Colleague: 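Structure in structure tokens, see below.
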Amino acid sequence: MIFDNFQRKLRQEAQSWRDEGLISSSQHEQLAQRYKFNNLEANARERFILIVTGVGGILLCLGIITFVAANWQTWSRDVKFILLMSLFLSTTIIGFYTWREPAIAKAEGKKPQPSKRILGEALMILGALIFGANIMLMAEIFNIGGSTSEFFLAWGFGVLIMAYCLSISSLGVIAIVLVQVGYWTGLGDWWYTSNEWNWPQLVVRHMPLLSWLLFVPLAYLCRSRWVFGLAAFAFASSLQFNLNPLQMLTYSDIPPWVASFAFMLPPALLWSYDDLLFPRVNYRLFQPLARSLALIGFGLIFYILSFRWQWQYPDYGYFPPTSNSNILRTLPIIDLGILSGLAVLQWSFLLRHRNNQPRREVVFTTPLITSFIATSALVLFWHQAFGRIGELGIFAFNVLFATLAWGLIQEGLKLNDRRSFWGGMLLFTLQVISRVLEYNTDQLFRSLVFLMSGSALMIAGTWFERRLSTGSKK
Amino acid sequence: MNSNSSKSKKTLSPEAEFSEKLTFRDYLIATEQEANKPLPLWRLFVPLLIQTGLILAVPFQAYYTDMSGRTVILQGAVADREDIRDTNSVLINYNISRPEILRRFPGWGGLLRQNRGRNRRLTQGTNLYAILQERESYNRGVPRAWRLVRVSGRLPTSLPADEVALKGVYRDGFITYGTQTYYIPQEERSEISNDLFRELDDRYQRRQPIIVKVKVDTQGNVVPISFWVGDRNYRF
């Protein structure tokens, strides 16, 4: 963008070609249209204005902040209040009108200025930040002590509403990040004080459900894969931390199905995800992404559960449940119920429409994924319900992990997909190295394994790349 | 087209067919027109109204507590005198902020048990309620601080008429009740530090006691209103 030397040079060259008679003037015109070198000056001017406005805006903001900071103590409460509110409202409203102007110009058939859209969006983001600062400063002015998680959740939900109404994906990303920060700060409070029933605690408790129901539709409105990915991450991570299944593997006094659900619900939900279930959506926007995320989820879960120490009683970092921290009482049954219902719905839809799956299912077919889910759920359930089967569990999850790696490699080979091939290879190497390091083998064997896996990786890599290049030549 | 593609067409629904050919980028371009329509004004003003409401909820809470809350008098001290010069603010610690004082009152043991605190200590972020009893007396125009009766882990459902519960949060060795920071206006700065340092000279090494008037709502939320240093009153 900034280095438009090519266009400048091309314009010079094209002019000389036309003057020399190499090309006709109509051809010159076509070239000019194709490479857009007719209005280079205007573009440069616009860009310059944008840069100057940006730098000036930053200086302006700094000036305002310094002025406010210098006079903050001397102003009365009312002055501060009016100042904060007017700053917030004016920034957001000006931002909106600037952001909307190119769209109106386009609708009226005039030439839109795309830089105004960027400027307007930047102002909207600034407005979102001022919104958060306003909440915090109001609390300070009026001597209200709130928790950090309360502040971040209120801020995040406020920005989320704005993102929904305007379908701006950057605001959506900011909102999800803010709500996540609120969740993480609220999580600690929740673990220690489960006797509280205020709204941040409720939000933290139902975070998996909320993030699925609130963030996923936003991804459609914003048409953003980032929003979808973050929503899926927020959902899966909050489910893990709310149910805390890793600790539960060694508990005996909780319902045995909890760990199975916590581990298998995210990949099951993501794998069976189908955009067509939404009304008025007629294109599978996020299904490929959801499936990749499901595979990543499988990889993480299998890898973690293939370690020995997950299946034994931990000696440290473990405190037995007491009456106050009774996990049973705080178990989010509602969330699990609704989300499992959703998963069942999606799976039935998937099975009904098996014939017209958009993506070619080469290795990771529905039966294989079903067996992944069923095996791990069954092993975890058995481990908790009927008796400790630590050894079998470790073995089962190692097999599952290896199958996943093998499947990825197979898929990479069959579809000539570099990413899944390398993903599979890396998973495989990771497993070998982890097992060798975990089971205290002697030094010689270790070095041998490292040498072997390194050379295997190199050979496989070069072989695959050569195969890929010959395949593309054909 | 060849027979292969026509065969696959039969099995695919129109949507799936559409999806297979289109990439995400194509979809973005195809819906560009639809997505970049100029938005109606309510799309801005509805969320803006909600955001404004969220901001206004903070002062509203303060006014609500101020109007409907009960006045409670607390005894405190300035935590660190150096604060005044460095940050233009003083942090006031109440007597009931100190665990070593609360420990002597009924309900502390139950709180510890409930809290599964280790080493006889509370865990970070624990919520607790201090129940205070009113004392009607004045000392040179300054009211006397209320008396601590007991400590509880839950908000008491019913209390005698002369008792009130204050909600506190345990963090870093202290229990915080609402905000305890007073930002000193420019013109008061020399006055307030004079007050504090004069008292320091008088009875050296003893912390200057401060009497704080707060409002408490039914949920135990505390909003500070004003405080006395000596017989001089400062509004928060």
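Letters A, B, ... are given to chains in the order of the sequence lines, protein chains preceding strands, and every chain is numbered from 1. This is a predicted model, so every value here is computed, not measured.
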Colleague: When only pairs under 4.5 Å are counted, which of Asp275(A), Ile104(A), Leu84(A) shares the most heavy-atom pairs with chain B?
Modeller: Ile104(A)

Colleague: Heavy-atom cut-off 4.5 Å, strictly under: side chain, backbone, both or neither for Arg77(A) against chain B?
Modeller: side chain

Colleague: Looking at Asp274(A) and Leu277(A), would you say the former's side chain and the latter's main chain have a donor-acceptor pair under 3.5 Å?
Modeller: no

Colleague: Pairs under 3.5 angstrom only: tabulate donor-acceptor contacts from the side chains of residues 154-168 of chain A to other protein residues two or more places apart or in another chain.
Modeller:
unit_1: Trp155(A); atom_1: NE1; unit_2: Ala128(A); atom_2: O; d: 2.9
unit_1: Tyr164(A); atom_1: OH; unit_2: Leu214(A); atom_2: O; d: 2.4
unit_1: Tyr164(A); atom_1: OH; unit_2: Leu218(A); atom_2: N; d: 3.4

Colleague: Looking at Phe96(A), Tyr97(A), Phe81(A), which one has more heavy-atom pairs under 4.5 Å with chain B than the rest?
Modeller: Phe96(A)

Colleague: Anything in residues 62-73 of chain B with a heavy-atom distance to chain A below 4.5 Å? Please list those residues in order.
Modeller: Ala62(B), Tyr63(B)

Colleague: Is it the backbone or the side chain of Ile225(B) that comes under 4.5 Å from a heavy atom of chain A, or both, or neither?
Modeller: neither

Colleague: What part of Trp99(A) is in contact with chain B, defined as an atom under 4.5 angstrom from a non-hydrogen atom: side chain, backbone, both or neither?
Modeller: side chain

Colleague: Contact part of Ile50(B) toward chain A, heavy-atom cut-off under 4.5 Å: side chain, backbone, both or neither?
Modeller: side chain

Colleague: For the residue pair Val151(B) and Ile131(B), establish whether any side-chain heavy-atom pair is separated by less than 4.5 Å.
Modeller: no

Colleague: Which residue pairs pass the salt bridge (Lys or Arg N to Asp or Glu O under 4.0 Å) test with at least one member in residues 84-104 of chain A, sequence neighbours excluded?
Modeller: Glu101(A)-Lys116(A)

Colleague: Cut-off 3.5 Å, side chains only: do Tyr177(B) and Asn221(B) have a donor facing an acceptor?
Modeller: no

Colleague: Under the ring-ring contact (aromatic ring centres under 6.0 Å, His included) rule, collect the residues that match up with Phe88(A), sequence neighbours excluded.
Modeller: Phe131(A)

Colleague: With distance as the sole test, does Arg223(A) use its side chain to make a donor-acceptor pair with the main-chain N or O of Leu28(B) at under 3.5 Å?
Modeller: yes

Colleague: Using a cut-off of 6.0 Å, state whether more than 12 heavy atoms not belonging to Phe60(B) lie near its atom CZ.
Modeller: no

Colleague: Quick check: does any side chain N or O of Ser169(A) sit under 3.5 Å from a backbone N or O of Gly172(A), one acting as donor and the other as acceptor?
Modeller: no

Colleague: Using non-hydrogen atoms only, which part of Ala107(A) is less than 4.5 Å away from chain B: side chain, backbone, both, or neither?
Modeller: side chain

